[in-house]
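Note on naming: letters A, B, ... go to the chains in the order of the sequence lines (proteins, then strands), and numbering restarts at 1 for each one. All values reported here derive from a predicted model rather than from experimental measurement.
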Protein chains: 2
Amino acid sequence: MLGGMGEVVRPDRESQWLKGVLDLAVLAVLAREGSAYGYSLLRSLADAGLPGLRGGTVYPLLGRLEDDGLVQSEWTVADGAPARRYFALTPAGRQVLAEGRDGWSSFADRMTRALEV
Amino acid sequence: MLGGMGEVVRPDRESQWLKGVLDLAVLAVLAREGSAYGYSLLRSLADAGLPGLRGGTVYPLLGRLEDDGLVQSEWTVADGAPARRYFALTPAGRQVLAEGRDGWSSFADRMTRALEV
DNA sequence: GGGCGCTAGGTAGCGGTGTCAACTAGTCGG
DNA sequence: CCGACTAGTTGACACCGCTACCTAGCGCCC
């Protein structure tokens, strides 16, 4: 029964690093592409350097962004294709993206310096 | 009760950003200073660009680092001063710091690019 | 027809960790 | 004696990425 011991899981660092930045990355993709739907965001984010994301991560996130008024969504139905929900930035979303980008580069710089020996 | 509404809290982004990097920052301080105790780390981290941290954040973290074998601790008692627990890096801690630093700068660069419009 | 795989969206529960708040206890100055 | 500072500790809480699972429509190939 594998004593279990003090075993602790500690997920990948990068999963932790994504917290609080992934939403900005999604806003940035929407800023570049104008609009996108959940499944296409998975590909765009992978292209942007964030591979391996799954629906279970992105769909709840899009819901939160909509709750916060940072994106708007619209269902589209077309023949020969599954229904898609397209998302687009709101003005508030654009502002949060701009502020978040500044905050991130500031934090990333401070952190990189803090890690130097 | 308490109307509650749809109110959602969304803490400061920087709190989220700290998750997953703060442990590396602590290891970096220990690498620079040789050894330190919890309360002094609060000052060192503030000097290093991470102000506003509290005991409730740092002490549990130090416990986890010790559980993971990345630091060692030793209690010291001296006349005229409260008991202090000094922490120092282990070889494993030094290695985790080195790997984490590389991983961080890679991630930070990728993320900064992903946020560009 | 029947099975497979892709697209597209969604939910439930888990786990790690920073935050806040509160607590103990020792030292020193007035 | 009383406050302020140092030093460490604990518990409840919120957030959010992760895994795992589910539905449904479409095209393809045997």
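Nucleic acid contact class of B:Gly63 (heavy atoms, under 4.0 Å, all strands): none. Contact annotation for A:Trp75: backbone-only contact, meaning every heavy-atom pair under 4.0 Å involves sugar-phosphate atoms and none involves a base. Using a 4.0 Å heavy-atom cutoff across all strands shown, B:Gly38 reaches sugar-phosphate atoms only and no base atom.
Close to D:dC21, at under 4.0 Å from its OP1 or OP2, lies no side-chain N or O of A:Arg54. Contact between the side-chain N/O atoms of B:Arg13 and the OP1/OP2 oxygens of D:dC15 is not found at any separation under 4.0 Å. Close to D:dA7, at under 4.0 Å from its OP1 or OP2, lies a side-chain N or O of B:Tyr37. Remark: A:Tyr59 is not in phosphate contact with C:dG10, judged by side-chain N or O atoms under 4.0 Å from OP1 or OP2. Residue B:Tyr39 places no side-chain N or O under 4.0 Å from the OP1 or OP2 atom of D:dG8. At least one side-chain nitrogen or oxygen of A:Arg10 sits closer than 4.0 Å to the OP1 or OP2 atom of C:dT17. Dashed line: the shortest gap from a side-chain N or O of B:Arg64 to OP1 or OP2 of C:dG15 is not under 4.0 Å.
Annotation: of the two residues near DNA chain C, A:Ala83 and A:Thr57, the 5′-most nearest-nucleotide partner is A:Ala83. Closest-nucleotide positions on DNA chain D for A:Gly52 and A:Ala81 were compared, and the one nearer the 5' end corresponds to A:Gly52. Nucleotides of DNA chain D nearest to A:Pro82 and A:Gly55 differ in position, and the one nearer the 5' end is that of A:Gly55.
B:Asp12 places its CG atom 20 Å from the P atom of C:dT17, with the value rounded to the nearest Å. Taking atom CG of residue B:Leu41 and atom P of nucleotide D:dT9, one finds them 13 Å apart after rounding to whole Å. When rounded to the nearest whole Å, the span between CG of B:Leu42 and P of D:dT9 equals 12 Å. Spacing between atom CG of B:Leu62 and atom P of D:dT9 amounts to 9 Å, rounded to whole angstrom units. The CG-C1' distance, from A:Leu53 to C:dG9, rounds to 16 Å in whole Å. When rounded to the nearest whole Å, the span between CG of A:Leu24 and P of D:dC15 equals 17 Å. In this entry the distance linking CD of B:Gln16 with P of D:dC15 reads 9 Å, nearest Å. The interatomic distance linking B:Arg84 (CZ) with D:dT6 (P) rounds to 10 Å, in whole Å.
Distance from the side chain of B:Lys19 is smallest to D:dA14 among D:dA14, D:dC18, C:dG10. Distance from the side chain of B:Leu18 is smallest for C:dG18 among the nucleotides D:dA7, C:dG18, C:dT7.
Between B:Asp67 and A:Arg10, no side-chain nitrogen of the basic residue sits less than 4.0 Å from a carboxylate oxygen of the acidic one, so the salt-bridge criterion is not met. A salt bridge is absent between A:Lys19 and A:Glu14: the closest approach of a Lys/Arg side-chain nitrogen to an acidic carboxylate oxygen does not fall below 4.0 angstrom. Between A:Asp47 and A:Arg32 there is no salt bridge, since no side-chain nitrogen of the basic residue lies less than 4.0 Å from a carboxylate oxygen of the acidic one.
Under 3.5 Å, the side chains of A:Ser73 and A:Glu66 contain a donor-acceptor pair of N or O atoms. Side-chain contact check for A:Arg84 and A:Thr76: no donor-acceptor pair (N or O, by modelled atom type) lies under 3.5 Å.
Using bins of under 30°, 30° to 60° and over 60° for the plane-to-plane angle, the ring pair B:Tyr86/B:Tyr37 lands in the perpendicular bin.
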